[in-house]
Amino acid sequence: MNRPAKAARSLDDRALGASTPWTPQRPAVRVSWPACVVAMGLSVAPMCAGGADLTAAPFEGAAAQADSGKAYLQPEIVVTGTRTPFLKSRVPRSVDVVTPQAVATAVLATVPDLLSMAPGVLVQKTTAGGGSVYLSGMLGNYCLLLTDGIRINNSALRTGPNQYLNTLDPASVERVEILQGPGSVLYGSDAFGGVVNVLSPSALAEGMGQPDVRVRAQYGGPESRRVGALRLTRRVGHMGMLLNLSTARYHDLRGGDTTGAQSPTGYESHSGALKLSVPMGAPGVLTLAAQHVQQNDVPRYDRLSGGKDLEHVFNPQRRTLVYARAQRQFSLVGRPEVQATVSYHDQDEGRRYVTKSKPTIAVRERDRVGTWGLELQGHWRGEGGASFVTGIETYYDEIQSGRWKTDLETGHVSGVAATFPDGTNYLSSAWLAQWSRPVVGRLALHVGARLNVFSIRAPMPAPYRRLSESYSEPTGEVRFLWDAGTAALPSIYAGVGRAFRAPNAYDLTAVGTFNAGIEAPNQDLRPERAWAYELGAKRSAGRLSYQGRLHFSDLEDLLVREPGEYQGSDSLDGQRVYVKRNSGRARLWGWSAGAGWLLVGGLMAEASAGYAWGQNLSDHEPMQRIPPVFGRAALERTWSRWVLVAAVDWARPQRRLSSQDEADTRIPKGGTPGFGVLGLTSRWRLPGGLALDVRADNLLDADYRVHGSGVNAGGRSIAVEVHWSRFEGRSAASSAQVSPRL
């Protein structure tokens with residue numbers, strides 16, 4: 001493959017974003033570099049993300065974007081912003097990408113750490129074995145998580161931050177796409193704040209005519225982690241096979257300065273993934289895939305450090321996904337493309353805890369959710385650059401749940417009411433459509449609509465009635481994008497739409513603990529809704545690229561915890577009982593901005609920042625868990641075999657708290673202090689397919705935590721990773737030029 005000049009390649013890596021003009025790298029404590037090969041994004045995105053366009057052809061109206069006279073401004077294709085491969089600069093919303101090269105060279109411990117590399121993304125950690133993203137000022141079950149386009153969120157997802165992003169294996173991640181802002185029309189419930197789509201590698205990647213072996217070993221970091229990973233790829237005829245195996249041991253996380261080791265926070269993780277891809281005609285592909293992650297004895301540190309529990313661990317924390325996906329493009333009028341996906345997702349979570357209030361009683365809980373999924377999607381292209389996408393999707397959850405108490409003095413075990421009624425079923429079905437076309441001059445119109453139908457069946461305990469409810473939720477949006485048609489002016493996009501989050505099985509049926517007490521069921525809930533507005537500008541040309549975005553949401557029917565009763569009592573196990581009601585109303589607005597500038601001599605400068613402000617109109621106080629102003633600034637220098645990045649990640653103090661924030665043991669009294677963290681990352685390309693990565697985090701050993709986290713971030717540390725690839729070794733031996741970005 002012909003490689004562009006080094007300086008041109010550096011800007012191309014950064015300058016193609018729909019919401020950010022560079023490849024996102026926001027290491028907070030965590031320095032990472034931007035390394036991006038756009039061609040890999042073009043080849044991987046359609047196969048991995050489930051886009052129907054197997055040729056990765058961009059929206060026709062965007063051809064002028066690539067014809068700018070600048071060889072380094074090549075188009076990049078994304079899928080998550082439109083559900084089909086689309087030129088990123090033409091998506092009328094904010095979509096960021098963590099590229100394959102950024103993933104490969106991150107030297108990070110977990111997928112939540114990887115997400116922290118993206119601009120506009122802040123990662124909250126209740127414990128070291130978890131991680132929940134802030135998107136547009138929202139987190140937890142207001143943000144939708146996908147893997148290869150398949151929902152991770154299910155009907156058992158509890159309120160607030162969660163750990164499910166950490167059940168993805170970083171060794172099986174090729175690329176991450178992040179949709180900022182409401183995505184309910186495209187993806188349904190839970191997409192209030194945005195969508196994170198974690199994509200696995202393609203089994204039909206280029207340059208794999210012979211077997212390839214990749215070995216990775218990592219040691220160090222603030223948790224003294226030991227990580228080993230093996231990837232095997234093989235082409236047999238036209239069929240491609242990919243196998244990933246990894247194991248990791250995380251010791252107790254050491255905080256900065258005076259914090260020291262935060263014990264217990266360590267745990268083990270073992271993962272495996274297999275993918276088989278078989279071409280079907282030209283073009284078409286059938287993909288069979290399986291993913292499995294097993295994590296044992298993951299402590300919930302906030303309950304221990306907050307003084308509420310003597311013991312609290314997740315065991316097991318396990319996730320298994322299998323799916324079959326068929327994609328095919330037909331040589332007919334409109335070049336129709338179809339895609340069908342059948343999946344089964346098994347999420348198994350066990351918890352064991354002993355509270356300080358009852359030190360002789362150990363409670364064991366086990367919740368297992370099996371989700372069957374079916375998605376059918378079609379994509380047609382019309383004359384003049386028009387595009388039409390339509391499809392149906394169905395997810396059906398089967399919930400098994402149990403809870404047992406053990407008297408530690410006598411050893412007696414008794415079954416008690418579980419978190420969920422055992423045998424609960426939850427069905428979500430939807431039809432969606434999206435139409436895009438140029439309308440006047442350089443103005444393009446995007447219109448989307450969705451109809452979601454939900455139903456739940458649950459054998460509720462007395463005195464509740466057996467739950468058997470169905471309801472529907474229509475939603476839609478209109479978006480515009482004006483293409484400036486010149487490198488001197490930015491493109492402008494704007495949109496208005498409806499977002500929603502349907503009450504799930506946890507909201508309607510669960511009896512569970514949270515920081516302030518016990519949450520009891522309420523069977524009379526409605527979907528949470530919002531009107532969302534967005535205005536943005538972006539430019540990507542020459543040596544300078546920038547972006548900016550304003551967003552505003554008017555939220556209504558929000559679920560609010562209020563004092564209530566369970567089985568006629570206002571307390572359970574000595575804790576206050578609360579129930580959710582649709583009594584909340586709020587407004588949320590914010591902005592994000594970023595810029596990248598290619599300087600002389602292979603030097604790149606970049607900066608980004610984000611802000612959100614939320615007001616609870618019902619209680620006349622701030623919204624809960626709103627992040628502070630945060631951002632990063634970085635300098636990168638590239639040589640032929642060496643890349644060096646220095647970055648500062650920062651956040652202002654967050655002292656604007658709700659009453660629930662003030663009662664949350666994860667938030668310090670008076671609010672979360674601000675921080676500034678300096679780090680360095682370096683990679684050396686060595687002969688024979690070897691690469692050596694060194695990451696130095698939190699060089700000043702600052703004591704800090706991200707707002708809402710239950711554990712302090714890591715202190716001063718060094719992590720080293722050695723990577724060897726048989727295929728890259730052969731390629732380097734036959735190449736006259738070796739780039740550290742390959």
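For this chain, numbers begin at 1 and follow the sequence in order.
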Participant: Would you name the heavy atoms of R705 and T672 that are closest together and state the gap between them?
Facilitator: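 Scanning both residues, the minimum pair turns out to be O-CG2, 3.6 Å.
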Participant: Parallel, tilted or perpendicular: which describes the rings of Y134 and H707, with under 30° parallel and over 60° perpendicular?
Facilitator: parallel
Participant: Please answer whether the main-chain N or O of A586 pairs with a side-chain N or O of N616 as donor and acceptor at a distance below 3.5 Å.
Facilitator: no
Participant: Does R652 have more than 12 heavy atoms from other residues, nucleotides or ligands lying within 6.0 Å of its CZ?
Facilitator: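 Atom CZ in R652 is not crowded, with 12 or fewer foreign heavy atoms closer than 6.0 Å.
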Participant: Under the side-chain contact (heavy atoms from CB on, under 4.5 Å) rule, collect the residues that match up with E556, sequence neighbours excluded.
Facilitator: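 Partners of E556 under the side-chain contact (heavy atoms from CB on, under 4.5 Å) test: R498, R529, R585.
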Participant: Can you list the steps and then say if T475 with E477 is a side-chain hydrogen bond (donor to acceptor under 3.5 Å, both in side chains)?
Facilitator: CA-CA 7 Å; T475 188; E477 66 179 8; over 6 Å; no
Participant: Report the C-alpha separation of R175 and S202 in whole Å, then their side-chain angles, then the decisive distance to 0.1 Å, and conclude whether the side-chain hydrogen bond (donor to acceptor under 3.5 Å, both in side chains) test is met.
Facilitator: CA-CA 10 Å; R175 170 186 176 94; S202 169; over 6 Å; no
Participant: Contact between L199 and E177 at the side-chain level, heavy atoms closer than 4.5 Å - yes or no?
Facilitator: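 L199 reaches E177 side chain to side chain.
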Participant: What's the shortest heavy-atom distance between L535 and A494, and which atoms?
Facilitator: CD1-CB, 4.0 Å
Participant: Can you see which heavy atom on P628 is nearest to which on A651, and at what distance?
Facilitator: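 That closest heavy-atom pairing would be CG-CB, 4.3 Å.
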Participant: Please give me the minimum heavy-atom distance between Y493 and A537, naming the atom from each residue.
Facilitator: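 Heavy atoms of Y493 and A537 come nearest at CE2-N, 4.0 Å.
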Participant: Does a donor on one side chain sit under 3.5 Å from an acceptor on the other, for S94 and Q180?
Facilitator: no
Participant: Using side chain to side chain contact (heavy atoms under 4.5 Å, CB included), reason through V176 and L115 one step at a time and then give a plain yes or no.
Facilitator: CA-CA 8 Å; V176 184; L115 263 293; 4.0 Å; yes
Participant: Output, in order, the C-alpha distance, side-chain angles, deciding distance and verdict of side-chain hydrogen bond (donor to acceptor under 3.5 Å, both in side chains) for Q434 and R83.
Facilitator: CA-CA 9 Å; Q434 181 175 260; R83 291 186 69 105; over 6 Å; no
Participant: Is a salt bridge present between K580 and E528, judged by a nitrogen-to-oxygen distance below 4.0 Å?
Facilitator: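 Here K580 does not pair with E528 in a salt bridge, since their nearest N and O are not under 4.0 Å apart.
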Participant: Give the intermediate values and the outcome of side-chain hydrogen bond (donor to acceptor under 3.5 Å, both in side chains) for residues R656 and Q615.
Facilitator: CA-CA 10 Å; R656 190 172 182 271; Q615 180 68 18; 2.4 Å; yes
Participant: Which residue, I77, V91, V389, V95, forms the side-chain contact (heavy atoms from CB on, under 4.5 Å) with F86?
Facilitator: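 That would be V91.
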Participant: Quick one: does P170's side chain get under 4.5 Å of L114's, heavy atoms only?
Facilitator: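 They are not in contact (no side-chain heavy atoms under 4.5 Å apart), so the answer is no.
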Participant: Return yes if some donor-acceptor pair links the side-chain N/O of N153 with the main-chain N/O of L145 below 3.5 Å, else return no.
Facilitator: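 Such a contact is found between N153 side chain and L145 backbone.
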Participant: Salt bridge check, R450 against E473: does any charged N sit closer than 4.0 Å to a carboxylate O?
Facilitator: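 So E473 does not pair with R450 through a salt bridge.
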Participant: Is any side-chain heavy atom of I152 closer than 4.5 Å to a side-chain heavy atom of Q347?
Facilitator: yes
Participant: Validate the cation-pi geometry between R501 and Y142: distance from NZ or CZ to the six-membered ring centre under 6.0 Å, angle to the ring axis within 45°.
Facilitator: yes
Participant: Contact between D557 and P527 at the side-chain level, heavy atoms closer than 4.5 Å - yes or no?
Facilitator: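 Contact flag for D557/P527 side chains = no.
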Participant: Apply ring pair (Phe, Tyr, Trp, His ring centres under 6.0 Å) to the pair W613 and F552, showing each step before the final yes or no.
Facilitator: CA-CA 10 Å; W613 184 92; F552 174 82; 9.6 Å; no
Participant: Can you name the residues that form a ring-ring contact (aromatic ring centres under 6.0 Å, His included) with F454, not counting sequence neighbours?
Facilitator: Y471
Participant: Compare every heavy atom of G81 with every heavy atom of L179, then report the nearest pair and how far apart it is.
Facilitator: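 Closest approach of L179 to G81, heavy atoms only: CD1-CA, 4.4 Å.
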Participant: Compare all side-chain heavy atoms of R666 with those of P161 and state whether any distance is below 4.5 angstrom.
Facilitator: yes
Participant: State, to 0.1 Å, how close L588 and A612 come at their nearest heavy-atom pair, and which atoms those are.
Facilitator: CD1-CB, 4.3 Å
Participant: Taking the side chain as every heavy atom from C-beta outward, state whether V123 and V706 have any pair of such atoms under 4.5 Å apart.
Facilitator: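 V123 vs V706: side chains apart.
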Participant: Would you mind checking if D190 and R151 are paired as a salt bridge, meaning a charged N to carboxylate O distance below 4.0 Å?
Facilitator: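 Between D190 and R151 there is a salt bridge, with a charged N closer than 4.0 Å to a carboxylate O.
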Participant: Is it true that a side-chain atom of S709 and a backbone atom of K125 form a donor plus acceptor pair closer than 3.5 Å?
Facilitator: yes
